[in-house]
Every structure is written in C-alpha cells, then in structure tokens.
A.B. asks: 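Here's a structure for you.
So you know, we letter chains A, B, ... as the sequences are listed, proteins then strands, and number each from 1.
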Amino acid sequence: MTKTAATRDGYGEALLELASNPKVVVLEADLGKSTKSLHFRKAHPERTVSCGIGEQNMLLVGAGLAASGYIPFASTFAIFTERAFEQMRNGVARPNLAVHVCGSHGGTHTGTDGSSAQSIEDLAIYRTLPNVIVMHPSDVVSTKELTLQLANSGSPSYMRTARNKTPVLYEGREDDIKIGKGIVLKEGHDVAIVACGVMVSEALKASEALATEGIQASVVDMHTLKPLDGGLLDQLVASCGAIVTAEDHSVIGGLGGAVAEHLTANIFAPLERVGVQDRFGESGQSDEMLEVMQISAPYIAEAAKRAIARKEK
Amino acid sequence: MTSADELRELARRCRVHIVNMVHRAQAGHPGGSLSEIDLLVALYKTTLRVRPDEPKWDDRDRFVLSKGHASPGMYAILAEMGFISVEDLSSYRVLGGVCQGHVDMKWCPGVDFSAGSLGMGLSFGMGSAIAGRLEGSERQIYVMLGDGEIQEGSVWEAAMAAAHHELGNLNVILDRNRIQNDDFCEAQMRMFDIPAKWRAFGWNVKEIDGHNMEEIIEGMQFLTSTNDGPSILIANTVKGHGVSFMADNPAFHGAAPNDEQYALAMKELGEVGA
Ligand SMILES: Cc1ncc(C[n+]2csc(CCOP(=O)(O)OP(=O)(O)O)c2C)c(N)n1
Ligand SMILES: [Mg+2]
C-alpha cells in the first residue's frame, strides 16, 4: 500500500517547526482546525492571531506585521482567500510584503462541500500578481519543505493545499525540493506530463498506463507555478516534443495557462491542458469529482496521445 | 395558523431528518442546523408566503439561508413543506443530488440564494428587498445569519446600507448559538453587545429564546409588523440543540455522528426503533 497523507498536514507541521523563529506569527480566520494551523496555535497562542471570520482583515493584519519585521503565515480555505484578493493585490503584493497565504481545501478534490467551496481559479488569480510566489505542492513532504523555505523567501506567497489524502512521494527526498524548481519524477521521450498538486499522482498513474501501450512519458511535479521553471520546460520540449498539463483547477490561467504562456513566448510544442473546463463543480467525493471534471489518470493518458499526434512529423 | 405544539412536533421531525442526513453522508453541519430549526419551522409555517408547488412564484417572500452550511436544516423544512421529497434528503452531499453540501438555488427548488461563503446573504437580501420595493410588492425578505458569520465586514456594509435605505421589508434572524467553526465565539472573536451594535446601525431589534416556540412566534410577528426600517430577531439558541452530545459542543459544528451516537440521537429525538 502506498502511504498517503493530506498536504494540509504538511503545512501544519512546518508551522510548528518554524516556531523556533520568534518572528514567525500565525493568523487564523476560524478555520485553523481545517488548515492545520491549530497545532501552532496550541503551542504558541501568544503568536497566533485569531481574526474571526474575517479574511480581508486577516490579509492586511498580515501586511502590517510583515512591514514591522514579522513573518506572518495566514490561512483559510483556498476559496475564502479569494474574498481578500484586492487586499492581497494592493496591500500585500504591491508593497511586496512577505505575507504567506495558505489556501487549504483547494480544487474540486475538496469534495462534498460542493461548488461554493471548490476553488478552481485561485492559482490563476494569484499568478497575475507581481512579486507573489504561487505554489501547489503534491504531497505532505514537499508541502512541509516548501513552507519552511517560504519563511526565508522574503516574498509574498500563495500556496494551495488539499483537504484529502494523496500518496506520499518525497519521503527522505527533502533535498530535491526547491521553490521554483520542477521535479522530474519520471523520464520518457514521447511526451511530458507537467502536473501540480493532487494531479501529480494521477499523472504518474497515467504514465504507467501509457507505458503498457509503449508510450514513454516524462512526469514532472511543477509545484511552483510562479516563478515558473521555464528552463525545465524548454528541456522537456527538446526531449519529448509534446506537453500535457494536469491540474485540479480551471484550464484558464493556472498551470496550463502558465505553460502555454511560456511556450508561446519561447519554444513551440503541442500542448494539451487537462483541467476543469470552464465550469463549476458540485458535491461529490474526491475521486468522483476527478471523473466528473474529466481530469483523472485516463483523461491525462488520452490527452498525452492527442499531444503526441499533434507533433510535427 | 399552526399551533405551537404542532410546530414543536414538526421541528422534532426535522431534527430527525437533519441527523439522518449528516449520518448518512458522514459529513456536513449538524450543530447549526439543529440550532436554527425551530426558527425555520416557525418561519415557514407561520410567516413565509411561498408556494411549494410553484417555487419560483414571482411574488413569494424570499428566504436567504446566508449560513448556507446549515443546509440540512433547510432541506428538512423544504421536504416537510413539499418543495422536495423526503427521499430527496438522501441526496445530501451525493453526486448529482438536489441537496448539495451548501444550499444552492441552481439545484434545489425553494432555495433562493446559493450560499456557502459566509457574509454574502444580507447584501443579496438587500438587493431582493430593493427589487420588491421597486415593484411595489408587499413581499418580505428574510435572511438567516450565523453569529460567527456576522464577524464578516460585508455584513456590516449591508447592515448600514439597509438602514440608510429604510428597507422595512428586510428582516434578519440571527442564530445566536455562541459557537462557530473552531471554537466558541467568545474564544474566536468577542462581539460584545450584539443587540446594541444592530441598534446603532439603525435596525429594529428584538431578542428571544430561539427554542421557545411561543417566543419565536411572537418574534415572527415582530418582524412582519416593523416596517419603518430593517429588523433583526436575535434568537438565543444552543448549537446542536435536541441531541445531548451535540448540544453546546463545538466538535459538532461540522462533524457527523458515528453509528453508536446516531442510535443515541434517534432515541433522544423520540425515534426509537426507527
Ligand atoms: C467567507 C467564509 N469564511 C469561512 C467559512 C468557513 N466556515 C463555514 S461555517 C463556519 C462557522 C460559522 O459559524 P456561524 O456563523 O456561527 O454558524 P453556525 O454556528 O450557525 O453553524 C466557517 C468559518 C465560510 N463558509 N465562508
Ligand atoms: Mg454560530
């Protein structure tokens, strides 16, 4: 059995570890039990600021703390960070204050709460903001490691975590994980599948299915959407000649959007984007939602074949 | 007019539906559903002008469940009213079901507002109230807010604006159950004198015991009779009311009972052998 864990737990563990830095403060908006900042709160109530159910206030309290030399980590559900988007834009990104926002329960994967809770646009909107690091790690180990690195990044950030458990991919491989560096999990030469978050393990499954048909796919965990690892993408185009992106997010503006922007500006390769097709979700279990949205492993494999078919002969 | 005793029995049945729904789904929000249900039952049975066989009737009163996570409570009364069937309740949180995790006007007949994100319903209610006024309609708008929910700044933007516009057709019922998601409100965000806050914002205010049916009926009359400006009924409730181990317990804001707890809850709700 593959070991599984929820990425949000990686966030919670990282905060606890970061507590040794007295400048680290944690901000909550009545969802600390869910985003997992609660462990920090229990251990360090004096450095935890409850903002009640008030996300807009929370973001700017963070800005004030950051401007005063603190390192604030603020979390709520991914969807509710969006309410404070303009605060993030004008109050955090514009003055380049290192407020670290974690949006948990991201994507349709979050499940039966339904469409109101399923953020499918968070990565896109934060990616439009100058100065902001945007990440969506795939497993608990990388989430922890990337959160630890954020504390020293000096930049504002948005990181999406997931509610439900996904396979643990990086146990003992902490050194491979760096903000802004995609991770090659598998090397092939026919097509490259570039995925983020909960879709990385789906991409690995797709590559196994493709292998049985004689198609060798590279699989990349692109946990950082911004700054995007353009060098790695160029290499993938050179070695594979076709790209598939896979994300539990709208095909507009997220990982697929970021990769499309890079390819059009730099180097040509056919690109197929697997993601939510410009629609809202509904209540369903995580695995059901991946089917409803047509983003599970078989859809990635199909997209890979389409991308390969589009290569110039 | 339905008697207080009949309302109490209806509320009991609704509580059974609520516990059934969250137990079946093994997810969802029993606490805020059980605290609001006496209020919803009285509202629908004594006050709200709606037509279950014509849910989109133009001139209906509007009910906005702004604390949309407490959907099991609303689905229960919608089923008892005949907007949906009791069988539909099994679709709570199930793929394709009319009973989505949070109440959704695109999915469920009788739902006037797609909720799930706190702090939005009062503004929506204000728009509905202005529409009613523009059309010269007598229809009333009722918005149910949670006490944690009113920590959202947007609630106070709407509160200020509704009083400014003297929206006598806009009514709020506040489910003052003293618990929010992570903990008691007192621990998360103290709100000090809530009635005084609303008064200072220009609202008519009445406080009641939200589980005393006679007081609730009086409260509904207060809402319908105060038309010089917006009115709020602050209902002091107990989160999880009606099920001993859920009552006043933050752990049952968003958690389902296990089988053993479920059996106990059914017994307490008078459904032995159900
Ligand atoms: C904008 C927003 N922030 C956070 C949440 C997550 N959330 C769902 S319910 C809840 C607590 C609500 O407490 P309250 O309003 O008191 O509701 P009740 O006690 O009646 O269940 C929270 C924080 C949300 N739904 N919307
Ligand atoms: Mg409450």
A.B. asks: Among B/G116, B/S154, B/C185, which residue forms the greatest number of heavy-atom pairs with chain A at distances under 4.5 Å?
C.D. replies: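 Among B/G116, B/S154, B/C185, the one with the most close pairs to chain A is B/G116.
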A.B. asks: Nearest heavy-atom pair of B/L95 and A/E288: which atoms, and what distance?
C.D. replies: CB-OE1, 3.8 Å
A.B. asks: Checking B/A115 against chain A: side chain, backbone, both or neither under 4.5 Å from a heavy atom?
C.D. replies: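 When you check distances to chain A, only backbone atoms of B/A115 fall under 4.5 Å.
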A.B. asks: Out of A/S115, A/G54, A/G284, A/S50, which one racks up the most heavy-atom pairs below 4.5 Å with chain B?
C.D. replies: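 Highest number of heavy-atom pairs under 4.5 Å: A/S50.
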A.B. asks: Restricting to non-hydrogen atoms, name the atom on B/N181 and the atom on A/S34 that form the minimum distance, rounded to 0.1 Å.
C.D. replies: ND2-OG, 4.2 Å
A.B. asks: Highest number of heavy-atom pairs under 4.5 Å with chain A: which of B/M189, B/R190, B/E149, B/Q180?
C.D. replies: B/Q180
A.B. asks: List the steps, then state whether side-chain contact (heavy atoms from CB on, under 4.5 Å) holds for A/N57 with B/Q151.
C.D. replies: CA-CA 10 Å; A/N57 186 47; B/Q151 293 159 10; over 6 Å; no
A.B. asks: Ignoring hydrogens, what is the shortest heavy-atom contact between A/D30 and B/D183? Give both atom names and the distance.
C.D. replies: OD1-N, 4.4 Å
A.B. asks: Determine yes or no for a side-chain-to-main-chain donor-acceptor pair under 3.5 angstrom, with B/H102 supplying the side chain and A/D113 the backbone.
C.D. replies: yes
A.B. asks: Would you check if the side chain of B/D182 reaches a backbone N or O of A/G32 as a donor-acceptor pair within less than 3.5 Å?
C.D. replies: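 A pair under 3.5 Å: yes.
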A.B. asks: More than 12 foreign heavy atoms under 6.0 Å from NZ of A/K165: is that the case here?
C.D. replies: no
A.B. asks: So what's closer than 4.5 Å to chain A heavy atoms on B/S114: side chain, backbone, both or neither?
C.D. replies: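 No part of it gets close to chain A.
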A.B. asks: Please answer whether the main-chain N or O of B/R93 pairs with a side-chain N or O of A/T112 as donor and acceptor at a distance below 3.5 Å.
C.D. replies: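 Flag not set: sc A/T112 to bb B/R93 has no pair under 3.5 Å.
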A.B. asks: Before giving the answer on side-chain contact (heavy atoms from CB on, under 4.5 Å), spell out for A/F280 and B/K106 the whole-Å C-alpha distance, their side-chain angles and the decisive distance to 0.1 Å.
C.D. replies: CA-CA 12 Å; A/F280 287 111; B/K106 291 282 176 211; over 6 Å; no
A.B. asks: For the atom pair CD (B/E152) and CD (A/E55), what is the distance rounded to the nearest 0.5 Å?
C.D. replies: 4.5 Å
A.B. asks: In terms of heavy-atom contacts, does CG of B/N258 have more than 12 from other residues, nucleotides or ligands at under 6.0 Å?
C.D. replies: yes
A.B. asks: Quick check: does any side chain N or O of B/Q100 sit under 3.5 Å from a backbone N or O of A/S283, one acting as donor and the other as acceptor?
C.D. replies: yes
A.B. asks: Looking at B/S117 and A/R83, what are the two nearest heavy atoms and their distance?
C.D. replies: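 In this case the closest contact between B/S117 and A/R83 is OG-NH2, 2.8 Å.
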